[in-house]
There are 2 protein chains.
Amino acid sequence: MSSPCSRHPHPHRLIQQPLTELTEKLRSKSRKITAPRQAILEVLRRHQHPITNKEIHTALGTADCDLATVYRNLHTLEDMGMVRRFDFGDGVARFELLEEGDDGHHHHLVCTGCSAVVEVEGCFPTELELALARRHGFTRVTHKLEFFGLCPKCAPAAPASP
Amino acid sequence: MSSPCSRHPHPHRLIQQPLTELTEKLRSKSRKITAPRQAILEVLRRHQHPITNKEIHTALGTADCDLATVYRNLHTLEDMGMVRRFDFGDGVARFELLEEGDDGHHHHLVCTGCSAVVEVEGCFPTELELALARRHGFTRVTHKLEFFGLCPKCAPAAPASP
DNA sequence: TTCTCTGCAAACGCTTTGCATTTCA
DNA sequence: TGAAATGCAAAGCGTTTGCAGAGAA
C-alpha cells in the first residue's frame, strides 16, 4: 500500500497488556477496580476485533453483570482512552481495547455477508487529509474510514462481479 | 489532491433535475406520484447537503405528512437509486438526492462544533482499495469515509492546535 | 378496480438515566 | 466514611411495522 499513515503501531491487535497493567491504569485515575470492570477488560483483551456491548455482555458468562453496567464501563474506558469506538454503519457501537501508546487509529474491512472483520493496515493518506484541512480552513481534522465487501467465503453466493 | 477517484461527477451538488424528471423516474418503475412524495423530492432538491428524515419532515411545512411516510419514502428512493444514504456517525441517517448517472459516491468534511458540512472532492485512492480487496480475497469492496474537524468559525472556541 | 401509499399507533433495538443500594479505597 | 459503581427499571431516540382507510393508475 502506497501511503500508510504512521498512527498505527499495532496492526495485529494482539493485546499483550496484562490485566494488572490495565487495572493499574484505572487505579491511577482513581477509578475503582470492580469485578464487572475486570471481567469486561478480560473479554476485551481476548477479542482482537471490535465487539459490541451486547457481545461483551454475553461473553462475560459467569462474571455476568447488568447490560447497563457494560455500557457505562465502555464509556468510562473510552473517556480514559483505554478503548476505541468503531462504527460499522449498522447502528451498533463496537469497541477495541487499545495498547499502551496506540491511539487506535486504524480501519477494517468488513464482510457484508458474514460480518467477518479484517484489520486494515492502510489508511487515508495523511497528506490528503492535511490538504483538505488547509483548503477549507478546518483544524483538528480526522476521518472515519471503513471498507465493506464480500469475503472469499461469501463471494460465491452472489452473482459474479469484480 | 493526488488521486481523486472517478466516481464523482457532481462535486457541487447543485441538483438541476427538474421535479418532472424525478417523478418520471417514479412513474417508469410503477411507483405512484403522491403529494407527500413530490414534497419530499422538492425538499431534497432544495438541499445540497445530506439531511435527516426529521429535517425533511420539518422542511415539508404546509405539505406536511407523517414522519413514517418520510422514512418509507426514503427507503423507496434509496432502493431506486435516486437517493444516497450517508452516515456521519451520530446515529442518524442522512440523505442526498442523486443526479442522473451519479452513484453519489463522495465524502464530507463535517464540523464537530456546528455541524457545518463541506463536500469533499477527494476520495480514497481506488488503487489502494483494489490492492486491499486483492490482498484479502474480497470482492465488491467499497468504503465509507467521512472527515471531521473544526470549521474556521468554531476553531477559536477550542484551545490552539494544528 | 387494483395496487400502492398513507396515517396512526404501537413496537423495536440500542442506548441512556434516575434512584436506591452496594462496593471499593 | 465518602466517592464511585452497580442493578433494576424506566425512559429516550431513531426507526420500523401492522393495519385499516385513502388515493393514484
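Naming convention: chains lettered A, B, ... in sequence-line order (proteins, then strands); numbering from 1 in each chain.
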Using atom [atom1] of [X] as one end and atom [atom2] of [N] as the other, report the distance to the nearest whole Å.
| X | N | atom1 | atom2 | result |
| --- | --- | --- | --- | --- |
| A:D66 | C:dT17 | CG | P | 15 Å |
| A:Q38 | C:dC24 | CD | C1' | 11 Å |
| A:D64 | D:dC8 | CG | C1' | 13 Å |
| B:I33 | D:dA25 | CD1 | C1' | 10 Å |
| A:L60 | D:dT6 | CG | P | 11 Å |
| A:D79 | D:dA4 | CG | C1' | 15 Å |
| A:E55 | C:dC14 | CD | C1' | 13 Å |
| B:L74 | D:dT16 | CG | P | 10 Å |

Does [Y] offer a backbone N or O that forms a donor-acceptor pair with the side chain of [X] under 3.5 Å?
| X | Y | result |
| --- | --- | --- |
| B:D102 | B:L98 | no |
| A:T69 | A:C65 | no |
| A:H49 | A:V118 | no |
| B:E42 | B:A39 | no |
| B:H107 | B:L145 | yes |
| B:R84 | B:L97 | no |
| A:E24 | A:E21 | no |

Exercise for review: Would you mind telling me which residue lines up with the more 5' stretch of DNA chain D, B:R85 or B:R27, judged by nearest nucleotide?
Suggested key: B:R85
Could you run down the sub-3.5 Å N/O contacts of the protein with nucleotides 18-20 of chain D?
from: D:dG18; atom 1: O6; to: B:R72; atom 2: NH1; distance (Å): 3.1

Is any side-chain N or O of [X] closer than 4.0 Å to OP1 or OP2 of [N]?
| X | N | result |
| --- | --- | --- |
| B:S30 | C:dC3 | no |
| B:N53 | D:dT16 | no |
| B:T34 | C:dC5 | no |
| B:K32 | C:dC3 | no |
| A:Y71 | C:dT16 | no |

Check your understanding: Among C:dT16, C:dT15, C:dA25, which nucleotide sits nearest the side chain of A:L67?
Key -> C:dT15
Study note, to complete from the structure: Per atom distances to the A:C65 side chain, the nearest of D:dG7, C:dT15, C:dG7 is D:dG7
**Study point:** Inter-axis angle, terminal five-pair segments of the helix from C:dT1-D:dA25 to C:dA25-D:dT1 [nearest 10°]
**Key:** 30°
Review point. Which of these passes side chain to side chain contact (heavy atoms under 4.5 Å, CB included) with A:E96: A:R85, A:H108, A:Q48?
Key: A:H108
Practice item. Specify whether B:H106 and B:F86 have parallel, tilted or perpendicular ring planes, treating 30° as the upper limit for parallel and 60° as the lower limit for perpendicular. Key: tilted
Point to revise | Contact check, side chains of B:R37 and B:T76, non-hydrogen atoms, under 4.5 Å | key: yes
